[in-house]
Chemist: 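The structure is given below, and queries will be raised subsequently.
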Amino acid sequence: NTAIGSAVLDANTTGSRNAAGGYGALSNSTTGTGNTAFGMQALVANTTADNNTAVGRDAMVANTTGTGTAIGAFSLDANTTGTSNTAIGQSALGANTTAANNTAVGHQSLKTNTTGTQNVAVGSLALDANTTADKNTAIGFAALGSNTTGNSNTALGDNSLVNNTTASSNTAVGKNALNSNTTANNNTGVGFEALKANTTGIQNTAVGASALDANTTGGNNVAIGSL
């Protein structure tokens with residue numbers, strides 16, 4: 001084991017291959033093995049969990065038996081028993097407690113997620129309002145940024161599906177695609193601002209820049225081609 005700083009790894013009994021630096025880092029770990037913690041109170045509550053990586057102030061600070069990787073101040077800082085989570089960026093997955101298999105890369109991405117599983121957020125503020133929803137993919141600044149409980153959505157592009165809250169099974173590819181969608185399900189918008197104004201219209205397909213961009217509540221439409 002390697003310990004650098006005050007109150008670092010001071011409760012360790014039989015744990016091995018740990019490395020910690022910063023006040024209180026891994027200070028409660030007893031038998032945990034293969035953990036890396038650098039930063040003030042990083043992994044401070046960890047007791048028996050193995051193979052965690054926490055870099056940054058309070059990274060994985062509440063983790064007891066969960067596993068994951070957290071890089072950035074306050075990343076995964078509420079996680080207790082959640083496993084196989086990856087958080088990179090300040091406050092990424094910051095509210096996650098017991099949820100597993102989430103990936104958050106970017107400032108405050110998946111910040112409020114508590115028990116939602118199998119989500120992927122890449123980009124600052126991506127999926128930052130998600131709480132319990134599962135199996136969403138958001139790539140781009142603020143993509144799916146308002147989503148709370150909507151499941152199985154895919155948003156690729158800045159502000160795509162940014163206002164979606166509880167709707168599920170939507171696909172938005174392109175900047176501002178399905179930008180205004182809130183509760184409508186089963187829409188597909190591919191292209192810059194495709195279905196941009198759609199709010200509650202369901203089962204629409206728009207392929208091309210600005211395709212169906214004025215549609216608001218209409219459903220079961222198909223548009224292929226720009227404008």
Side-chain angles (χ1 to χ4, degrees), residues 1-134 138-139 141-142 145 148:
N1 295 301
T2 301
I4 302 171
S6 177
V8 177
L9 268 173
D10 54 346
N12 191 76
T13 53
T14 59
S16 61
R17 300 188 298 278
N18 295 293
Y23 177 77
L26 270 173
S27 63
N28 289 297
S29 186
T30 54
T31 60
T33 297
N35 295 294
T36 300
F38 284 94
M40 182 177 177
Q41 294 193 329
L43 274 170
V44 65
N46 195 82
T47 53
T48 59
D50 303 327
N51 301 315
N52 290 293
T53 299
V55 179
R57 178 186 173 187
D58 287 342
M60 293 189 80
V61 64
N63 195 77
T64 52
T65 58
T67 60
T69 299
I71 300 175
F74 311 111
S75 54
L76 269 172
D77 61 332
N79 195 78
T80 53
T81 59
T83 61
S84 302
N85 293 296
T86 300
I88 300 175
Q90 182 181 340
S91 298
L93 273 168
N96 197 82
T97 53
T98 59
N101 301 306
N102 292 293
T103 299
V105 180
H107 175 71
Q108 295 189 355
S109 53
L110 274 168
K111 177 186 177 182
T112 59
N113 192 77
T114 52
T115 58
T117 64
Q118 298 177 35
N119 294 293
V120 176
V122 180
S124 181
L125 304 179
L127 270 170
D128 65 324
N130 198 80
T131 53
T132 59
D134 304 323
I139 300 176
F141 174 77
T148 53

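This one's a predicted model, so the numbers in the text were calculated from it and none came from an experiment. Side chains are part of it too, since the values below use all heavy atoms of this structure and drop only hydrogens, waters and symmetry mates.
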Chemist: With no hydrogens and no angle check, is any side-chain donor or acceptor of Thr13 less than 3.5 Å from a backbone partner on Thr30?
Modeler: yes
Chemist: Just to verify, which of Asn102, Asp134, Asn85, Thr103 counts as forming a side chain to side chain donor-acceptor pair (under 3.5 Å) with Asn119?
Modeler: Asn102
Chemist: Atom CG in Asn130, atom OG1 in Thr148: separation rounded to 0.5 Å?
Modeler: 7.5 Å
Chemist: Output the distance between atom OG1 (Thr64) and atom CG (Asn28), rounded to the nearest 0.5 Å.
Modeler: 11.0 Å
Chemist: At what distance, to the nearest 0.5 angstrom, does CZ of Arg17 lie from OG1 of Thr36?
Modeler: 11.5 Å
Chemist: What are the two closest heavy atoms between Ala42 and Ala54, and how far apart are they?
Modeler: CB-O, 4.0 Å
Chemist: Checking Thr132 side chain against Gly116 main chain: does a donor-acceptor pair fall under 3.5 Å?
Modeler: no
Chemist: Quickly, which of Asp77, Thr117, Thr114, Asn113 forms a side chain to side chain donor-acceptor pair (under 3.5 Å) with Asn96? Name it, please.
Modeler: Asn113
Chemist: Roughly how far apart are Asn46 CG and Asn63 CG, rounded to 0.5 Å?
Modeler: 5.5 Å
Chemist: Short question: side chain of Thr97, backbone of Thr80 - any donor-acceptor pair under 3.5 Å?
Modeler: no
Chemist: Can you confirm whether the side chains of Ser29 and Asn12 place a donor and an acceptor under 3.5 Å from each other?
Modeler: no
Chemist: Can you check whether Asn18's main-chain N or O pairs, donor with acceptor, with Asn1's side chain at less than 3.5 Å?
Modeler: yes
Chemist: Okay, side chain of Asp128, backbone of Ala142: is any donor-acceptor separation there less than 3.5 Å?
Modeler: no
Chemist: Indicate yes or no for a side-chain donor-acceptor contact from Asn52 to the backbone of Gly68 under 3.5 Å, with no hydrogens or angles considered.
Modeler: yes
Chemist: Might you point out which heavy atoms bring Ser75 and Gly89 nearest each other, and give the distance in Å?
Modeler: CB-O, 3.6 Å
Chemist: Between Asp58 (side chain only) and Val61 (backbone N and O only), is there a donor and an acceptor less than 3.5 Å apart?
Modeler: no
Chemist: Any idea which heavy atoms bring Ala11 and Ser27 closest together, and the distance?
Modeler: CB-O, 3.1 Å
Chemist: What are the two closest heavy atoms between Tyr23 and Ala7, and how far apart are they?
Modeler: CE1-CB, 4.2 Å
Chemist: Using every non-hydrogen atom in the two residues, find where Ala121 and Ala126 come nearest and quote the distance to one decimal.
Modeler: CB-O, 3.6 Å
Chemist: Donor-acceptor pair, distance only, cut-off 3.5 Å: does the side chain of Asn35 make one with the backbone of Asn51?
Modeler: yes
Chemist: Just how far is it from atom OG1 of Thr69 to atom CE of Met60, taken to the nearest 0.5 Å?
Modeler: 7.5 Å
Chemist: Measuring from atom CG of Asn101 to atom OG1 of Thr86, what distance do you get when rounded to the nearest 0.5 angstrom?
Modeler: 9.0 Å
Chemist: Of the non-hydrogen atoms in Ala92 and Gly106, which two are nearest, and what is the gap between them?
Modeler: CB-O, 3.9 Å
Chemist: So does Thr131 get a backbone contact from the side chain of Thr112, meaning a donor-acceptor N/O pair under 3.5 Å?
Modeler: no
